[in-house]
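Whatever order the structure lists ligands and atoms in, that order sets their numbers, starting from 1. If you read the sequence from its start, that first residue is 1, and numbering goes on from there.
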Amino acid sequence: MSAAVSKVLVIGGGFSGMTAAIQLARRGIEVDLVEIDPLWCPLGAGITLSGPTLRALDTVGILEKVAGEGYLSNDFDIFSPAGDLIVQLAIRPPVSDKKLAGGGGILRPVLARIFADKTREVNTNVRLGLTFETITQHQDRVDVVFTDGSASTYDLVIASDGMHSRIRRELFPQAPSPKPIQQSVWRAVLKRPQEIIRPSHWLGRTKVGVNPISATHMYMFIMENRDHSEWIDPADWPAEMARLLGTFPAPVLQTLVPELFAPHANIDYRPLSNLLVPLPWHKGRVVMIGDTVHATTPHLASGAGIGIESAIVLAEELLSHSDVEVALKRFEERRWERCRLVVEKSARLCEIEKCAGDKEEHAQIMHESFITLAEPI
Ligand SMILES: Cc1cc2nc3c(=O)[nH]c(=O)nc-3n(C[C@H](O)[C@H](O)[C@H](O)COP(=O)(O)OP(=O)(O)OC[C@H]3O[C@@H](n4cnc5c(N)ncnc54)[C@H](O)[C@@H]3O)c2cc1C
């Protein structure tokens with residue numbers, strides 16, 4: 001059976017868009033990818049890779065590189081604010097017949113570079129610093145005009161332009177917009193003390209976490225309840241993060257305070273939002289994937305993972321059906337429950353954290369979610 005598409009445009013070169021490009025181009029589909037950022041480099045600290053995300057990276061063919069440049073581990077420690085160990089968990093159930101680590105971490109720009117190298121290696125035609133001007137759908141094709149005046153025709157357009165997607169706003173005006181959740185996250189990249197050899201959380205009135213991202217470094221995050229619209233001068237970010245760490249007397253955390261003021265800490269403050277667009281995620285020959293339709297808060301550390309998975313599943317369906325509409329419906333059916341689970345359970349975890357609520361319910365949700373997410377996609 002021939003594939004549903006022979007020429008595809010991917011708009012947005014984040015993890016979801018790059019995965020779609022890789023999985024289609026390596027099977028002989030002609031793929032153009034346009035990315036608005038001329039440098040094609042996301043900012044930000046580390047990113048946590050769950051077991052299912054590692055499985056997806058293996059499918060994309062970059063797990064070995066990620067393991068080499070990032071950090072993989074199996075267990076997960078939970079401490080009191082004073083640093084007493086509450087529990088050590090074997091983080092995640094096995095997700096594959098292959099022996100994969102339970103999870104890991106990597107610097108976000110490093111992961112993006114590994115993805116970008118693979119995207120080019122499979123002969124995707126990557127164009128940076130531009131986007132679409134117009135998208136015109138026909139029964140059998142989509143005509144696209146780009147901002148540099150060029151134009152081309154495709155069998156399908158894959159919209160992976162992220163949470164604030166212009167394509168979603170223009171082509172799917174009924175779709176909801178991202179919803180602020182009144183919780184923010186502070187992140188910093190720090191040198192890794194010798195005793196930090198696995199992801200660790202300290203649970204107090206708020207939550208502090210660290211995750212190794214290489215042989216030498218880790219990233220730290222601190223969750224904070226704060227009004228979404230409040231502006232904080234970036235010059236004050238190190239002092240704000242140090243203030244929040246003040247309620248966590250654990251010695252290892254306190255030794256990190258001076259480093260928050262070093263330039264390499266690269267502190268990032270981000271009010272969080274989420275988004276779950278109801279099906280359908282496609283209209284004619286334009287389909288949305290990743291944060292464009294299922295953007296989650298980081299409570300299950302699975303947002304990038306489910307975006308990568310969605311792109312893998314989309315490619316599988318496009319390659320195994322000859323009819324675009326059938327392939328897109330199958331894609332949506334396979335992805336809806338899993339993406340809904342991550343967005344909604346993450347939102348519930350956020351609510352529990354914001355009111356210092358039931359820690360048992362929190363642990364139960366995390367445990368059950370990881371078991372479900374370990375199932376095959
Ligand atoms: C604070 C925070 C921490 C997180 N931590 C984790 C974690 O630990 N683990 C995890 O798995 N997930 C995590 N996530 C979620 C994860 O970052 C996202 O789910 C993931 O990056 C989404 O990838 P994407 O490719 O779908 O979208 P994006 O990463 O948003 O990519 C969209 C791309 O499209 C480009 N673009 C935008 N508009 C246009 C346009 N008009 N034309 C062309 N290009 C365009 C953008 O420049 C960008 O490159 C976190 C999220 C947040 C906010």
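When only non-hydrogen protein atoms are considered, atom 32 (C) of ligand 1 lies nearest to S160 O, 3.4 Å. Among all protein heavy atoms, the one lying closest to atom 37 (C) of ligand 1 is D161 O, 3.3 Å. In this structure, the protein non-hydrogen atom closest to atom 30 (O) of ligand 1 is G162 CA, 3.5 Å. Nearest protein heavy-atom neighbour of atom 34 (O) of ligand 1: G12 CA, 3.2 Å. Among protein heavy atoms, atom 23 (O) of ligand 1 sits closest to S16 OG, 3.8 Å. Protein heavy atom in closest approach to atom 52 (C) of ligand 1: P298 CG, 4.5 Å. Atom 10 (C) of ligand 1 has A304 N, 3.4 Å as its closest protein atom, hydrogens excluded (heavy atom only). If you check which protein heavy atom lies closest to atom 48 (C) of ligand 1, you get E35 OE1, 3.5 Å.
Close approach to G305 involves these atoms of ligand 1, each under 4.0 Å from a residue heavy atom: 11 (O). Ligand-side atoms of ligand 1 in range of G14: 25 (O), 31 (O), 33 (C), 49 (O), range being under 4.0 angstrom from any heavy atom. Near V185, meaning under 4.0 Å from one of its heavy atoms, ligand 1 places the atoms 1 (C). Under a 4.0 Å criterion applied to the non-hydrogen atoms of A301, ligand 1 contributes the atoms 9 (N), 10 (C), 11 (O). Residue V34 has at least one heavy-atom neighbour below 4.0 Å for each of these atoms of ligand 1: 43 (C), 44 (N). Each of the atoms 1 (C), 2 (C), 3 (C) of ligand 1 lies under 4.0 Å from some heavy atom of R187. When each atom of ligand 1 is checked for a heavy atom of G290 under 4.0 Å away, the hits are 26 (O). The ligand atoms of ligand 1 that sit less than 4.0 angstrom from a heavy atom of S302 are 10 (C), 11 (O).
With a 6.0 Å radius and a threshold of 12 heavy atoms from other residues, nucleotides or ligands, I86 has its CD1 atom above the threshold. Environment of CD in E64: sparse, with no more than 12 heavy atoms of neighbouring residues, nucleotides or ligands closer than 6.0 Å. Other residues, nucleotides and ligands place more than 12 heavy atoms under 6.0 Å from the NZ atom of K207. Counting non-hydrogen atoms of other residues, nucleotides and ligands closer than 6.0 Å to CD of E360 gives a total of 12 or fewer. Counting non-hydrogen atoms of other residues, nucleotides and ligands closer than 6.0 Å to NZ of K179 gives a total of 12 or fewer.
When heavy-atom distances to ligand 1 are checked against a 4.0 Å cut-off, M18 has no atom that comes that close, whether in backbone or side chain. Heavy atoms from both the backbone and the side chain of D291 come within less than 4.0 Å of ligand 1. Contact annotation for S165 and ligand 1: no heavy atom of the residue comes within less than 4.0 Å of the ligand. By the criterion of a heavy-atom distance under 4.0 Å, neither the backbone nor the side chain of P42 is placed next to ligand 1. In R108, the part holding a heavy atom less than 4.0 Å from any atom of ligand 1 is the side chain. The proximity of I289 to ligand 1, defined as any non-hydrogen pair under 4.0 Å, does not occur for either the backbone or the side chain.
Ligand 1 lies less than 4.0 angstrom from a heavy atom belonging to Y219. Note on ligand 1: H164 sits outside its first shell, no heavy atom being nearer than 4.0 Å. Contact annotation: I11 has at least one heavy atom less than 4.0 Å from an atom of ligand 1.
Any N or O atom pair closer than 3.5 Å counts here, and D37 shares no such pair with ligand 1. Considering backbone and side-chain atoms alike, T131 places an N or O below 3.5 Å from some N or O of ligand 1. The distance criterion of under 3.5 Å between nitrogen or oxygen atoms is met by I36 with respect to ligand 1. The N/O atoms of T292, backbone and side chain alike, include none that comes under 3.5 Å of an N/O atom in ligand 1. Backbone and side-chain nitrogen or oxygen atoms of R270 are examined, and none is located within less than 3.5 angstrom of a nitrogen or oxygen of ligand 1.
Annotation: cation-pi geometry not satisfied between R141 and Y154 (NZ/CZ under 6.0 angstrom from ring centroid, within 45° of ring axis).
Put simply, atom 1 (C) of ligand 1 has protein non-hydrogen atoms near it, under 4.0 Å away.
Using a 4.0 Å cut-off between charged side-chain N and carboxylate O, D155 and K7 make no salt bridge. Ion pairing of K329 with E317 is absent here, as no side-chain N (NZ or NE/NH1/NH2) approaches a carboxylate O to less than 4.0 Å.
Counting only N and O atoms by type, the side chains of Q364 and E368 include a donor and acceptor under 3.5 Å apart. There is no side-chain donor-acceptor pair under 3.5 Å between T19 and S16. Side chains of E353 and Q183: a donor-acceptor N/O pair is present below 3.5 angstrom, by distance only.
In this structure a side-chain-to-backbone donor-acceptor pair under 3.5 Å is missing from T124 to V126. Put simply, the side chain of T147 never gets that close to the backbone of F132: no donor and acceptor are under 3.5 Å apart.
F221 and H201 have perpendicular rings, their planes meeting at more than 60° on a 0 to 90° scale where under 30° would count as parallel. Using cut-offs of 30° and 60° on the angle between ring planes, the pair W186 and W237 is perpendicular.
Looking at E309, E333, E375 one by one, the single match for salt bridge (charged side-chain N to carboxylate O under 4.0 Å, His left out) with R338 turns out to be E309.
Partners of S165 under the side chain to side chain donor-acceptor pair (under 3.5 Å) rule, at least two apart in sequence or in another chain, are D161.
Taking the six-membered ring for Trp, H294 and W336 have ring centres at least 6.0 Å apart.
Here atom 8 (O) of ligand 1 lies nearest to T48 when heavy atoms of I106, T48, T296, V342 are compared.
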